[in-house]
Structures are given as C-alpha cells and as structure tokens.
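These figures come from a predicted structure and were not determined experimentally.
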Amino acid sequence: MTPTPVTSASQGLTLTDELILMLLNEENGYFHQVPGWHLHCAVAGAVLAELSLQGRIDTDPEALYLVDATETGDPALDPILGELAQAPDQRTARYWIERLAPQAEDVIDLTLDRLVERNILQHHDGDFWTLPRTGWQADAHGQSEEGTVSQFIRDRIADVIFNDEIPDPRDIIVLSIVNACDVLRFIFQIDEEVEERIELVCRMDLIGRSIAEAVAQNIAEPIRRHSALTKKMPSIPFRKLLRSPYARNGNVPALFASLAQEFGPVFELRPPIGERMICLAGTEVNQWVNKRGRTYLRTKDYFNDFEKIYGASGVLPSLDGADHFRLRKAMSPGFSRGRLAGQLDQLYGYIRTYLANWEVGDLIPARSCRLLINAHLSPLFVGVDSQDLIDDLVSYKERALAVHIMRALPKMMMKTPGMKRKARTVDRLLERIQTSHTPAQRIDQPRDLADDWLGLHASDPQFVPETMLRFQLSAALVASVYVGDAISFALYGMATQPDLREQIRAEADALFENGDPDGQAINPSTIDVTHRFLMETLRMYPVVPMAIRNVMNACVIEGYEIPVGSRLFIASTAPHYMEEVFPDPHSFDIDRYLPDRAEHRSPGYAPYGLGTHRCLGFRQTELQLAVNVLMLARHFRFEVVPKDYRLQFSPIPNMKPRAKLKFRIVEQLREVPA
C-alpha cells in the first residue's frame, strides 16, 4: 500500500501532539506508564510551551506573562489561554502547571481525537492506539522517507541528544518535558555521557528550562492528599442486599444500580463468609475503568487457579499489557465481523439445518438456544461438530468459573467424579480439532479460528504453547453460551412484544426476498429495527453484567483510596438501569438508540465490557445475533410458556433466563428451505 503523503511530519503538530506521540509505546498499543500526576503536569507544561511558541505568553523564572489573548483556534489550547487572560495577578509557570494539571485529561482526549482524525494515530477497540506508516518530508530540502510520524519526532530528538549540533528551540522543549516524565530510558539507550548531554540541552532554552523546571518541581513533590481521599467507604450489610427484589430475581445490573444510587459509585459488601467485596457501579467508574484501568488493574491474579484446571497459563482473558495487546492484535482477524461475513452462506445453511427439525407445537427450552448457536459456531470456528460435547464443556467451564472466579462454591466441587469425566471432554474436543486440521484436511477450506490458534502456536510456541490451546479452543465453543443466552432473551422480547416481532419479520422478508443477503446487505439501515431491538435486549439483559479485577497499583476512585491487592467487582452494566442514563430504565424502548436520543453514547452502555478487555469479537457477535434473530422471526412465531411467566435470571456465572422459561412454536410462517 502506498503511504499517505504529508508535507511534513511535524507540520501542524502542537507540542502536546508531539508529547503524546513520544509517549506512545508501540509494543503494547498504549503509552509509557507515566504516573497520572506526572503526566498531567507534563501536558500542562506542553500547553504553556505551545502558547509561548505561538506568541500568546512569555515566561521567566519569576512569572508567566500574557502577551496576546487572541484565540489560537485550537480547542485544547484556547480554554487554557482564556483562563490565563482572566487571571487578576501574574503567577509563576509552576503555579499555572499545578493549577492546569486537572484539565490535562481533556487536553489528552482532544489531542488523541485530533491525531486519529489526521490519520497520524489509529484507534482500536479496547482503547489501543497504533501508528500507521505514512510518507513524511524528512527535512527542509524536501527529501522524503517512509515511516510513522512518531519515528520522525523520535529521530529528531535522537539527533539532539546523540549529536553535538545546536538544537531547535522546539526540540529543546519537547526533550525537556519528556525528560521530566522520566521515560527517555524506555525510548533510547542512555548512558552517563548521554545523560549529561540531555541536561545540557534542557538548559539551552529559557522557555523550555522554565517550564521543564516547573514540571519537575511539581512532579518531585508528592500529591497533596485532600480530605476527600480519606472519606470512609460505605459498607452495606449482606442482609440488605438479600432483601432487594433484584437480588431475588437475579437481575444483577438492576441490583447494583439501586445500591449505587443509594450509597454512591464505590461501596463494599461484607458477606457472612469470605473477604469483603469492593464494588464499582456507575458511569463515572465505567469511564475510569476505560481510561485508567490498564494502569491500576489486572486480571492475572484472580485467573491463576482457573487457568490451572486447563493446564494453561497466559490465556487471552488473563493477560495484560504488551502480551495482551500482541495476542489481541494477532487474533483479531479470527474474531472480526469480516470473517463471519465471508461465511454467511455456510452460516445460513447450519441454522436452517437446525431449524428444519422444529415443528408447530414444539416446546423449546430457553437454554436450547445454546445448541442452536453451537450448531453453526462449532463448524465455523473450529471445523468440527461438537453438539455431543457442548453440554459437558459448558458444565465444566461454568463450574470452574463458579469455583475459581466467583468463589461461590468450594474447590472440592471441581473434583467430583462428574467433573473429572467432563474434564476429559476437553481433551476429546482438542483431539477432534487437531485431527481435522492437518494440512491435507484443510486444503480448500476457509480459514477458521482453530487455524489461527494452531498457526500462532506453530510460529511461536513459547508465546502460544500447547497448554494454552486446550483452553482457547474449548473457550471458542463456550461462546455458544453467551450468544445463545442473548438469543433466548431476544426470543423472549419478540414473544412478548408482537409489534416489534412483526417489524423484525418485515426486515427479514425484505432482506431474504431475492435470495440470501451478503454481509454488506446486513447493515444498520436495512435492519434498523432489528439492530435497535438487539441493543435494547443487551441493555436490559446483559449476559456478562460485571467483571472482576485485582488492584496492582494503589489508586483513588471517586475519592476513595483502593489499596494494592484489593479485588474489585465492576458492575459495568449497572448504568443500564440508572434513570439519569436511560430514562425509565425498566421499560423496553428501542427508540433510545435513535439519533435524537442516542442514550447509548456514553460509558454507561457496556454490554460487551470495558477497556482493554472489551470483547474482542463484539462486532462479529452483533452480526451473528442479527442473522439468528432475523431467521427466527422470518420462519416462526413463538409464545412464552407459561404464559404468565415473569422473567427471572440465574446470575452465576453469567446472566441467563432461569430454566423454567420455555417457548412454544405457535405458527410456522414459511418452510425452512433445505
């Protein structure tokens, strides 16, 4: 691919742009871990330095002066320029850096958005960033090279610190601020001689020296702890939780929404037996987890015992940091919407084969939706039929989750004769997959997820050892649980809301009228009602309503200090039932997602999780859900059994309808083609 040309890699970049690009760690898709206060001071310093270079302010060791209050047109700079203009007295640069540091988050967000818009950065699901290769003008003589803009900036800084040439004032400022963040050692190989050169360069420019010293002084001092940081965390007796109607019917997001609205977004539960549970619930904490979770939280600690029962270590859900980013990046094609869109003909065939056995009057347990999904997910993902194994695979994993993740059962429950028998089912599945994925067997076969995992194992057995395959290949099928349970909630929604069911059926008929639609034909405009219906289904009935994380670095969340080693229960879907996010939250209303309301455009809508561990295949899942719902609505009409059934949930280890829920086929609208 020809790189996108730009006149100059640094043309139009502000010092905050260059700071962010310098801090990007391309190995893990995020940024070198500068402590929050340090980074905020550095960003504030970069803003002041940029305003100085643009002739809006001047500074010396004694004071910072306003020179020109004319707006720059930059939304990241102008609010700060306005604040400087309104100040009644002159203050030092250090004062202003401390004063402006709390605004750094907004500056960072605006900077990232601008860099993405300019195709200097690429944003990926889970809040990862990468640098696309581009064409840049290497110098004033127009010599062009290819690389990333970040490489160009780093090459400039490398020239400054490894050569004896007199540097440009802009490069001095960038070097001074990045040096104050103490991350140069992660970017370059630095010895004592180079350190002396860096110190010399940082003293060459008055503006850079003044601001860098102010940044360093603020960084050197410990953060003053405000009284808000010492307030006591609300503690909720477990008996109060058990009295809640939402606890009785198993509605986890509604339960935690009600607790958060009474006690705030951070609180603790103290069960009669076991450790206290620190719980987070609300849009504020969702936003914190999205932005700050990777710095303070990790999954590895609580996942260890769960991994061990599969004989694995370092599986995708338990990884953090660079390894997690690398594995997600390597496996993203297998979980992409495009992969499934290219297999729609096979998907339609598998679904029709399963539905062909359904007849009017049949009673369909809600849990059988898992078998419907596995009937096509298994051959598409791992190239084998596993209908005879899926119940044991699911039962084994659900027991392991209840024992080792939720800690709802004692460890001895994994050692019963039944569990030992089901553990052998994992080996039977792995043998079946490996037998069907020899080179001869895969000739002319479309690539599947098993090919991806086995190929990654062959190319890097240290990174993806065989022990990991035992978990990852069986986990691929256990996805039938989550998608199947979501389908059972969708069936309940269609059975109890005939008007919506008819609108979905009309969209299905239009799509299939002239043959099977391809992936491009299934889009939000052609399935508008279906798409919004599924979004509302996932809001009211999220199959994964919460996540667990361990605190690896002490942090402050909404004014509460959380010590190292704490285990957090993050009710990411609690805002689904908060009035201020979704008005009348207990009402099923697909119009919430119309452009004029767009209630989901906030951190409060999180059916697929948050942050770096957001579901890797959520776009594929959206397509899979849509296809299944469209085909069910096109061919059948269902009713709930018993007719007066009020939906209740089994919340462990994931939220699903209780076993009592069944559906009766009351009408077959058209024959299922062979």
Q) Are Arg592 and Glu536 close enough for a salt bridge, meaning some N to O gap below 4.0 Å? A) yes
Q.
Looking at Pro657, is its backbone amide N or carbonyl O close enough to the side chain of Arg367 to form a donor-acceptor pair, meaning the two atoms are under 3.5 Å apart?
A. yes
Q) Of all heavy-atom pairs between Pro524 and His531, which one has the smallest distance, and what is that distance? A) CB-CD2, 4.4 Å
Q) Does Phe471 offer a backbone N or O that forms a donor-acceptor pair with the side chain of Ser474 under 3.5 Å? A) yes
Q) Does Phe306 have its ring centroid less than 6.0 Å away from the ring centroid of Tyr302? A) no
Q) At what distance, to the nearest 0.5 angstrom, does NE2 of His324 lie from CG of Leu616? A) 8.0 Å
Q | Results of ring-ring contact (aromatic ring centres under 6.0 Å, His included) for Phe569 - residues two or more places apart only | A | none
Q) So, Gln497 side chain and Gly493 main chain: donor-acceptor pair closer than 3.5 Å or not? A) yes
Q: Determine, for Asp320 against Lys300, whether the closest basic-nitrogen to carboxylate-oxygen distance falls under 4.0 angstrom.
A: no
Q) Hey, are Asp452 and Arg339 close enough for a salt bridge, meaning a charged N less than 4.0 Å from a carboxylate O? A) yes
Q: Would you name the heavy atoms of Gly604 and Val581 that are closest together and state the gap between them?
A: CA-CG1, 4.3 Å
Q. Salt-bridged, Asp109 to Lys291, with N to O below 4.0 Å?
A. yes
Q.
Checking side-chain polar atoms at under 3.5 Å, does Gln261 have a donor or acceptor matched by the opposite partner on Glu579?
A. no
(Q) Tell me the closest heavy-atom pair linking Phe267 and Ile236, and the distance in Å. (A) CD1-CD1, 3.4 Å
Q) Quick one: side-chain hydrogen bond (donor to acceptor under 3.5 Å, both in side chains) partners of Thr526, sequence neighbours excluded? A) none
(Q) For Cys369, give me all partners under side chain to side chain contact (heavy atoms under 4.5 Å, CB included), at least two apart in sequence or on another chain. (A) Ile487, Ser488, Leu491
Q) Is the charged tip of Arg294 near the ring of Phe128: under 6.0 Å from the six-membered ring centre and within 45° of its axis? A) yes
Q | Atom of Ala44, atom of Ile97 and distance for their closest heavy-atom approach | A | CB-O, 3.8 Å
**Q.** Non-hydrogen atoms of Gly314 and Glu307 that approach each other most closely
**A.** N-OE2, 2.7 Å
**Q.** ring-ring contact (aromatic ring centres under 6.0 Å, His included) pairs, two or more places apart, involving residues 268-295
**A.** Trp288-Tyr296
(Q) Can you list everything that forms a side-chain hydrogen bond (donor to acceptor under 3.5 Å, both in side chains) with Glu507? Sequence neighbours excluded, please. (A) Thr530
Q. Just by modelled atom types, is the Phe649 backbone N or O under 3.5 Å from a matching donor or acceptor in the Arg658 side chain?
A. yes
(Q) Donor-acceptor pair, distance only, cut-off 3.5 Å: does the side chain of Gln648 make one with the backbone of Gly250? (A) no
Q: Determine whether the side chains of Asn523 and Ser525 contain a donor N or O and an acceptor N or O closer than 3.5 Å.
A: yes
Q | Charged N-O contact under 4.0 Å between Glu561 and Lys232 | A | no
Q. Which distance, rounded to the nearest 0.5 Å, do you find between the OG1 of Thr16 and the CG of Asp74?
A. 6.5 Å
Q) So, do Tyr492 and Phe489 have ring centers that fall under 6.0 Å from each other? A) no
Q) Angle class for the Tyr593/Phe582 ring planes (parallel below 30°, perpendicular above 60°, tilted otherwise)? A) tilted
Q.
Please check: side-chain N/O of Tyr605 versus main-chain N/O of Met535, any donor-acceptor pairing under 3.5 Å?
A. yes
Q) Has the side chain of Asp17 got a donor or acceptor atom that lies under 3.5 Å from a matching backbone atom of Thr14? A) yes
(Q) Please determine whether a side-chain nitrogen of the Lys or Arg among Arg539 and Glu599 lies less than 4.0 Å from a carboxylate oxygen of the Asp or Glu. (A) no
Q | Pairing residues for Gln624 by the side chain to side chain contact (heavy atoms under 4.5 Å, CB included) criterion, not counting sequence neighbours | A | Leu340, Ile373, His376, Leu377, Val483, Asn628
Q) So, do His576 and Tyr541 have ring centers that fall under 6.0 Å from each other? A) no
Q: Give a yes or no on whether a salt bridge exists between Asp591 and Arg597, defined as a side-chain N under 4.0 angstrom from a carboxylate O.
A: no
Q | Quiz item: cation-pi between Arg248 and Tyr246, 6.0 Å / 45° | A | no
Q: Would you kindly say whether Asn550 and Arg298 are connected by a side-chain donor-acceptor distance under 3.5 Å?
A: no
